[in-house]
Structure formats: structure tokens, C-alpha cells
There are 2 protein chains.
Amino acid sequence: MPLDPSWISEVVPHMGAAFSLKTTRLLDEVQSPFQKIGVYATEHWGNLLVIDDAFMLTSLENFVYHEMISHPALFTHADPKHVVIIGGGDCGTLREALKHPCVERVTQIDIDEQVTRMAEKWFPELCDSNDDPRADLRFDDGIKYMREAADGSADIIIVDSTDPIGPGEGLFGPAFIADCFRVLRAGGIMVSQSESPFYHMDVLKNVHRAMLQAGFADRRSLLFPQPVYPGGSITCTLARKGEGLDGFRSEDAAAKGFPTRYYNAGIHQGALTPPEFVREALENL
Amino acid sequence: MPLDPSWISEVVPHMGAAFSLKTTRLLDEVQSPFQKIGVYATEHWGNLLVIDDAFMLTSLENFVYHEMISHPALFTHADPKHVVIIGGGDCGTLREALKHPCVERVTQIDIDEQVTRMAEKWFPELCDSNDDPRADLRFDDGIKYMREAADGSADIIIVDSTDPIGPGEGLFGPAFIADCFRVLRAGGIMVSQSESPFYHMDVLKNVHRAMLQAGFADRRSLLFPQPVYPGGSITCTLARKGEGLDGFRSEDAAAKGFPTRYYNAGIHQGALTPPEFVREALENL
């Protein structure tokens, strides 16, 4: 069955792979100063957010990513009060972070206000918590923010970025990761979107190398499904300042008091062990 | 970037989704009495096996599936001596099962000899153990085999099937699953390919229902990446006769004495907890 023009595809040239979704119409499209942002209606996945031809999320499956990039870090830190999100303009990660009552403030810095405006319009469920008094939404350069932020001013830094090309590129670099280390308090945790080990082992290794060089005491890549990315799974990588990442507040996670659709305490524990080929690749950096 | 004719796609119409790989040439194609079997060379994934337009496996990533459909069951059973594989014609699962020195015999029944002939030719690494004296390869109807097999004659039954359409359909049905229960010894384990919860929750629920009705004491679906299936992840479902599935021989798994590339003891433990949306879907059958 050939794909007629109602299908749109994300192609990954270096892997000779593509994932495609059947759309019913283009709902909205803007060219921001940074990137092209499109929203499509699909037949089966709800709305689809596309940035510079890369699939970002759909209504149907974004819960996996948003839960996994937030809750493992938040349930590992003993008492996360100040969370910083770099990127995250769709606001789904912000919503998850604010489910934790111990969180007093979430500062989100996305370079592109248009992503948030599109999310408010087409993914309003992700923006449920944008008016929470603890949410501080800023539209600015996250790299600059981190360079200028005070030492030891954050408990959790979540790097919820696009791919390491275009505006997201610097968020995978050693200078930014070293700034994150400096800005975290002792015991603080950085967590970064770190691509798929099947598609981008080089990215994963570079992120680990930069975290190692920055001085983080422990690092761990969590693998989880990402159904609308070519390759179908992705990692986030956690790094902790001065402490390990084996343990977490498993009792709090088991009695979390808010609903999740992917994350639970067992999933968290299980995700801490990487598959053999990932473990081996990260052994000798 | 449109997909030129060098790309081939697996389309999942009910999800409006497709996964595509760039091929360099068609290496081989046969129409067996049961299905059309094709092998393509790809740019980045090695060879690709396609059956009736569905992607089965590639040289690059088949290790995840073959390890996950075999080792969790084999490291759960206390002393698996006789393993039966239904389907599995590419012989990758057979190879993994035979890595366990306690296994005395693996009887494999695939309805289509042509799948094995194509695997021997284009995926010889999967057929490494076909000449093992413990391997008994038969080409016959797996449903008939199970109907006629003696009560309590197997320790592990691995249902390594294609999708539940075409020749694989009956392998997801209650009559076959009830036969598997009968053929297993006490403590025996059945494990079946059971599709993706993102794409086929109905299949997953039906398999669980049939296992429950057949009398299995415990059931567990393990989710893992399947990079060349649309959706990117898949489950296998374990069911055990007369015993639970929480524990496994974790010390043996940690000291397994043979290499794996995905499976390890932590992955096994982690996979035993399903994501929330899967747990909820399987709660009330």
C-alpha cells in the first residue's frame, strides 16, 4: 500500500528509516523565528505536533514521554522544591512536575513562545497547569538562562528539548551540561532527553561523557517507548550531583496520589537497568 | 522528503501508521503454500525479512525480540528440560533457548519450511544452532501438534508467531492456549508474542482472557522495544501453570554464562511490571 499525500513522514536519513501517520488535515502552521511548527489532525492519534518535519508528540501517546522525563527525577530527589525546565514548550512536562505537592516553583524557559501558544490551542490538556501559581513560564534562551543562573539554585533541571539539531543543539553540549551541574544544589538531578540507543548511540554517549566531565556522581539512561518517533523508543538520561541514582522514594511513588498512565514505582525501578548493549556502550567513555 | 520506491513500508491501517525502511535491493522472494516471504537488503539494518507485507526482523535489531521471548521464561522455570517452539521458523528463538545448558530438547514446529530455508540463506547467524543435537526441527501445523501432544510433556512452550492474521491466527485462540496448558507440566510456562499495547490492546486482552480461562495460575506481559514494527514496541505474555511469575532464577540470570545484547537480570525484573495503562486494561477481563 503506497502512502498517499494524506500521510506525513518523519524520515531519519542516517538510518534509512521513516515513521508515517495518516492525517486528515493541517490544523495550523506557523513559522516562528526559530522553527516551523505544524499541527495536524490524524485519524487515530488525535492531534500531531510537528516541528521542522520532526514528530514531537500526539494527543494519544505523549503521556509516556512526559511522565518518564519528570517523575523518575522527582521521585528520586528527597525534597524537590525548585524545578527548572529548559525547553518543554508544549507544557506537558510542566503539568507532570506540578503534580508533586512538594514542588514550590517550576521555572520553564523555552526559546519559542509559539510552541506554547500552539499547545494552548491544540493540546489544551497539556496546558492544564500553566496558570498554577507555582508555574513561571519564560520565553528565552535556555542556554543563556543556565549560564546566568546562580550556583546551587535548583533541585531538578529537566532538559525537554527537540533533537540535537537546530535550536536544541546546544542543550546537548558540554558547556550547557557543566552549567546545569553548577546550578544544581547537592543531591540535585539533571534529566535530559537523550534520543534512542538504536538510532543515536553517539548522542547518548556524548551526553554521558559531558555529564561525567561536569562532575556528576552518577548517571543513568532510562529507555521507554516513544510510539511516534521512528525507532519507537527513546531515552532520558538522569545525572545526580554528589549522590547515586539507584534508590528512589519508592514508597512515595507507589502512593503517589495522582494518576499516571505509564509511570509507576515498578516501571521506575525497572528502567534503572539498561539493556546489555546500552550498558556496554556506556561502559568505556 | 517523500519516500521513493526504494523504501518499503509496513502499514497498519487501523492505526493510520506506517514504518518504512530504505532498501538497496530485493535479495530473494518466494511464495510458499502459506505466505509470501521476501528478503531485502537495507542501507542500515542489514537484511530485512518480510512476510505478507509485514516486517518480521532485521539483522540489526532482532536480538531484542529473540532474547525477550526466550530468556525470561527459561530463567523463570526451575529446570526447563523440554522446550517447544511453535512458529519460530527464522530459528533465532531456537538459538537463544539452546544457550541454556539445562535444556535437553527443543522441538520446533513451524508450518512453513520456506521461512527456515530463507533464514538459513539470509540470516545464517540465527541458524547457528540448527544442527545442535538437541534441536528437533519439524515443519507442520503447530495447532495440530499441540492438540495431539501428550499431557504434561513440555516445560516451556514458546509461541513465536506472526501477527494474528493468516497462518498465525489460531495461535492466539482459546483452543490452542487451552492445549498449551494441558501439554505443560506443573510449573510449566507458556510465552506468546502478544503484539503492542499501543496498537493491539484487544489482542493482548484476548490472550490474557484465554490464558485465564485455560487455568493458568499467573500471567504477565513484558513490554520491550521492537524497532522495526510500526509502534516500536511489542509484548510477550508469559503464563504459568500452578505457580506465580514474580520470582525467577535471578542469580542464574546474572551469571548466565552466555552473552546477550538486550536481556539481563535487571531487564527481566523490570519487565515484570507493566505500565499503568496496560495494568489497568488487564485488570478487569
Side-chain angles (χ1 to χ4, degrees), chain A residues 1-3 5-7 9-24 42-45 53 60-61 63-64 67 196-199 223-234 259-280, chain B residues 1-3 5-7 9-24 42-45 53 60-61 63-64 67 196-199 223-234 259-280:
Chain A
M1 194 192 306
L3 301 178
S6 70
W7 292 75
S9 300
E10 175 173 354
V11 178
V12 184
H14 84 281
M15 289 299 287
F19 182 74
S20 309
L21 289 174
K22 187 168 172 59
T23 65
T24 49
T42 70
E43 278 200 341
H44 298 284
W45 300 75
D53 300 321
L60 190 69
E61 50 66 63
F63 65 93
V64 185
E67 293 179 11
S196 161
F198 295 101
Y199 278 55
L223 181 67
F224 52 88
Q226 182 70 291
V228 300
Y229 279 20
S233 53
I234 197 170
T260 51
R261 295 186 60 210
Y262 186 84
Y263 178 88
N264 58 40
I267 286 284
H268 185 157
Q269 182 63 52
L272 292 176
T273 302
E276 282 300 274
F277 78 109
V278 177
R279 186 187 62 73
E280 283 170 16
Chain B
M1 194 192 307
L3 301 177
S6 70
W7 292 75
S9 301
E10 175 172 354
V11 178
V12 184
H14 84 279
M15 290 298 288
F19 182 74
S20 310
L21 289 175
K22 187 167 173 60
T23 65
T24 49
T42 69
E43 279 200 341
H44 299 283
W45 300 76
D53 300 321
L60 189 71
E61 51 68 63
F63 67 91
V64 185
E67 294 179 11
S196 161
F198 295 102
Y199 277 57
L223 181 68
F224 52 88
Q226 182 69 294
V228 299
Y229 279 19
S233 52
I234 197 170
T260 52
R261 294 186 60 209
Y262 187 83
Y263 179 87
N264 58 40
I267 286 285
H268 185 157
Q269 182 63 52
L272 293 175
T273 302
E276 282 299 274
F277 79 109
V278 177
R279 187 187 61 73
E280 283 171 15

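By convention in this document, chain letters (A, B, ...) are assigned in the order of the sequence lines, proteins followed by strands, and residues within each chain are numbered from 1. All values derive from a computational prediction rather than experimental measurement.
For B:T42, no part lies near chain A; criterion is any non-hydrogen pair under 4.5 Å. With a 4.5 angstrom heavy-atom cutoff, A:V228 does not touch chain B via any of its atoms. Heavy-atom distances place no part of B:F224 under 4.5 Å from chain A, backbone and side chain included. Of the atoms belonging to A:H14, it is backbone heavy atoms, and not side-chain ones, that fall under 4.5 Å from chain B.
Across A:A18, A:G266, A:G270, A:G231, the residue that shares the most heavy-atom pairs under 4.5 angstrom with chain B is A:A18. Counting heavy-atom pairs closer than 4.5 Å to chain A, the top residue among B:K22, B:R261, B:E280, B:E67 is B:R261. Per-residue counts of heavy-atom pairs under 4.5 Å with chain B were compared for A:P259, A:P227, A:G16; the largest is that of A:G16. For the set B:P275, B:G232, B:P274, B:S6, the entry with the most heavy-atom pairs within less than 4.5 Å of chain A is B:P275. Per-residue counts of heavy-atom pairs under 4.5 Å with chain B were compared for A:S196, A:A17, A:P230; the largest is that of A:A17. For the set B:A265, B:S20, B:A271, the entry with the most heavy-atom pairs within less than 4.5 Å of chain A is B:S20.
Checked against the 6.0 Å centroid criterion, the rings of A:F19 and B:W7 do not qualify as a close aromatic pair.
With a 4.5 Å cut-off on side-chain heavy atoms, A:R279 and B:I267 do not count as touching.
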* To do: Kindly indicate, with the supporting measurements, whether the criterion side-chain contact (heavy atoms from CB on, under 4.5 Å) is fulfilled by A:H44 and B:V12.
  => CA-CA 11 Å; A:H44 298 284; B:V12 184; over 6 Å; no
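Using cut-offs of 30° and 60° for the angle between ring planes, the B:F63 and A:F198 rings count as tilted.
Across B:P225 and A:L223, no two heavy atoms sit closer than the pair CG-CD2, 3.8 Å. Considering all non-hydrogen atoms of both residues, A:L60 and B:M15 come closest at CD2-CE, 4.1 Å. When all heavy atoms are compared, the tightest approach of A:N264 to B:E276 is ND2-OE2, 2.9 Å.
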